[in-house]
Enquirer: 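Structure below; questions to follow.
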Amino acid sequence: MFELLKEQPADKILMLMQAFREDPREQKIDLGVGVYKDAEGRTPIMRAIKTAEKQLWETETTKSYTGLAGDVGFADAMFGLLMGDAVPRNCVAAAATPGGTGAVRQGFDMIRMADREARVFVSDPSWPNHITMLKHLEMHMQPYRYFDSETRAVDFAGMMEDLADARVGDVVLLHGCCHNPTGANLNATQWQEVIDLLLKNGATPMIDIAYQGFGDGLDEDAAGLRMVVSQMPEVLVAASCSKNFGVYRERTGLLMAVAQDPVRQKANQGMLNHLNRQNFSFPPDHGARLVTMVLDDPALRADWEEEVREIREGVLGLREQLAAELQRLTGSDRFGFIAQHRGMFSRLGATPEQVEAMRQSHGVYMVGDSRINVAGLNARTVPVLAEAMVAAGV
C-alpha cells in the first residue's frame, strides 16, 4: 500500500525554520514563523494563563471526557468574547476543536456535507492552510482579489467585483481581523458593503478570526464579525485561541454556526457534534478550560486584557519604528503602509529574489512572498531589517 503513496511537497515555512536553525550567524532574524515573540525572542506563557493553570492543577478532579462539542462553558465564554450582544446565544451552535485550524477544517466539512457543489471564495492571498485544506477535500475554490501589491492596501474594488459572482450555496471566506498574510484589513464601511453584497447574491460568509485583540482592541477587532452575524441569516465562524491566549500547543479553537432562526440551532449543534465524532471524537479540553477560567474570572480577565494590550501596543510600536527607519533611510514615505497594517503580519512587496538577497546578506528570514512576522522583530533588529530591505532594493 505504501508504495502507492506520493511524496508530498515540503511545507515552505517548515523549510524556512530548518534553514534558520542551520544558519550559524549570530545576528540572524526569524520573521517567518507565525508566533508572537517578546523582545527576548521568547513566546511566553501569558500571566493569566499561568495563574489559571496552577488553579486548575489544584482543583481538577478528573481527566474524563467532556462532550462531543467540548465543555459548554468554553463555548459560552467565547461567544461573549466574540459576539458580544450582536446575536442571541440561542441562535449559535458551537463545538470546540483542536485549534483554529481544526475549526476551519470542520467548517469546510460542514459546507461539503451541505452542498458538494458549493464554491468557497478565498482571498488572494490567504493563509496557505485555507488553500491546502480545500484542495485536500477536493472542494471548489474560487480566489477573489484582496491585496493591491502597489499600494499594499486592500484592493476593495477588485474584491467586490469578484465577490459579485458568488451565488446561493457559495461560501465567502473572510478574515475577521489582522489579515494573514497581508495585515491589510477592511474598514467598517467596507464590511457593510460586503454584507450588502452577500445579502443580495445569497452567498454565506465564513469568518476565520485568529488574532482578536492584536489589531486595534478586543472589541474593535470583533466589530466586523459582529456586523456580519447581526445581519446575515447564516454565518460560520472559526475562532482560534492560540495567539491571543498564547496556548499554541494546547490546540484550542471553536467552530460556531450562527443562524438568525433559532429553530436551526438544534440541527446545527447536532451536525457539529457529528463532525467532531467522525474526526477526533472528543476535543481537547485543557486549553479550553484555561481560556474559560480566564474569561470567567474578573481578576484573571483584567490581567489577560492588560497583557493583550501590552502585546498589541508592542507590535504597533515595532511597526511605527520600522516605517520611520525606512523613511529615514530612503527619504520616502512609501513604506508607511507598515504602520497602517494591523496584527502580526505584513507583506512587504519584495520579490522572491529580493527575499533571498536579504537572507544571504543580512540573515533575514521571511516567507518567499515577503510576508514578515512583525512580532519577530525587536528594537535592535528593526534597523537591520530596514537596511536589508534598502540594500535589496525593495
Enquirer: Can you sort out the partners of D219 under side-chain hydrogen bond (donor to acceptor under 3.5 Å, both in side chains), two or more places apart, ordered by chain and number?
Expert: R226

Enquirer: Assess whether atom CD of Q278 is packed by more than 12 heavy atoms of other residues, nucleotides or ligands within 6.0 Å.
Expert: yes

Enquirer: Give every residue pair that meets the ring-ring contact (aromatic ring centres under 6.0 Å, His included) criterion with at least one member in residues 213-254, sequence neighbours excluded.
Expert: F245-W304

Enquirer: Output the rest of the hydrophobic cluster of F282: all Ile, Leu, Val, Met, Phe, Trp and Tyr residues reachable through side-chain heavy-atom contacts under 4.5 Å, sorted by chain and number.
Expert: Y65, L68

Enquirer: So does E310 pair up with R47, basic N to acidic O under 4.0 Å?
Expert: yes

Enquirer: Report, as yes or no, whether the 6.0 Å neighbourhood of atom CD1 on I45 holds more than 12 heavy atoms from other residues, nucleotides or ligands.
Expert: no

Enquirer: Backbone N or O of L272 within a donor-acceptor pair of the Q106 side chain at under 3.5 Å?
Expert: no

Enquirer: Under 3.5 Å, which donor-acceptor pairs do the side chains of residues 360-372 form with other protein atoms, sequence neighbours left out?
Expert:
{"residue": "Q360", "atom": "NE2", "partner": "E356", "partner atom": "OE2", "Å": "2.8"}
{"residue": "S361", "atom": "OG", "partner": "A357", "partner atom": "O", "Å": "2.8"}
{"residue": "Y365", "atom": "OH", "partner": "D23", "partner atom": "OD2", "Å": "2.6"}
{"residue": "D369", "atom": "OD1", "partner": "R371", "partner atom": "N", "Å": "3.0"}
{"residue": "D369", "atom": "OD2", "partner": "R347", "partner atom": "NH2", "Å": "2.7"}
{"residue": "S370", "atom": "OG", "partner": "L348", "partner atom": "N", "Å": "3.3"}
{"residue": "S370", "atom": "OG", "partner": "G349", "partner atom": "N", "Å": "3.0"}
{"residue": "S370", "atom": "OG", "partner": "A350", "partner atom": "N", "Å": "3.2"}
{"residue": "R371", "atom": "NH1", "partner": "N180", "partner atom": "OD1", "Å": "3.2"}
{"residue": "R371", "atom": "NH2", "partner": "G32", "partner atom": "O", "Å": "2.5"}

Enquirer: Does Q269 use its side chain to pair, donor to acceptor, with the backbone of A94 at less than 3.5 Å?
Expert: yes

Enquirer: State whether the number of non-hydrogen atoms from other residues, nucleotides or ligands found under 6.0 Å of D85 atom CG is greater than 12.
Expert: no

Enquirer: Compile the donor-acceptor pairs under 3.5 Å between side chains in residues 311-318 and protein atoms, sequence neighbours left out, one pair per line.
Expert:
{"residue": "R312", "atom": "NH1", "partner": "G213", "partner atom": "O", "Å": "2.8"}
{"residue": "E313", "atom": "OE1", "partner": "R309", "partner atom": "NH1", "Å": "2.6"}
{"residue": "E313", "atom": "OE2", "partner": "R309", "partner atom": "NH1", "Å": "3.1"}

Enquirer: Would you say the side chain of V172 lies within less than 4.5 Å of the side chain of L163, judging by non-hydrogen atoms?
Expert: yes

Enquirer: With clusters built from Ile, Leu, Val, Met, Phe, Trp and Tyr whose side-chain heavy atoms come within less than 4.5 Å, directly or transitively, what are the remaining members of the cluster of V72, listed by chain and number?
Expert: none

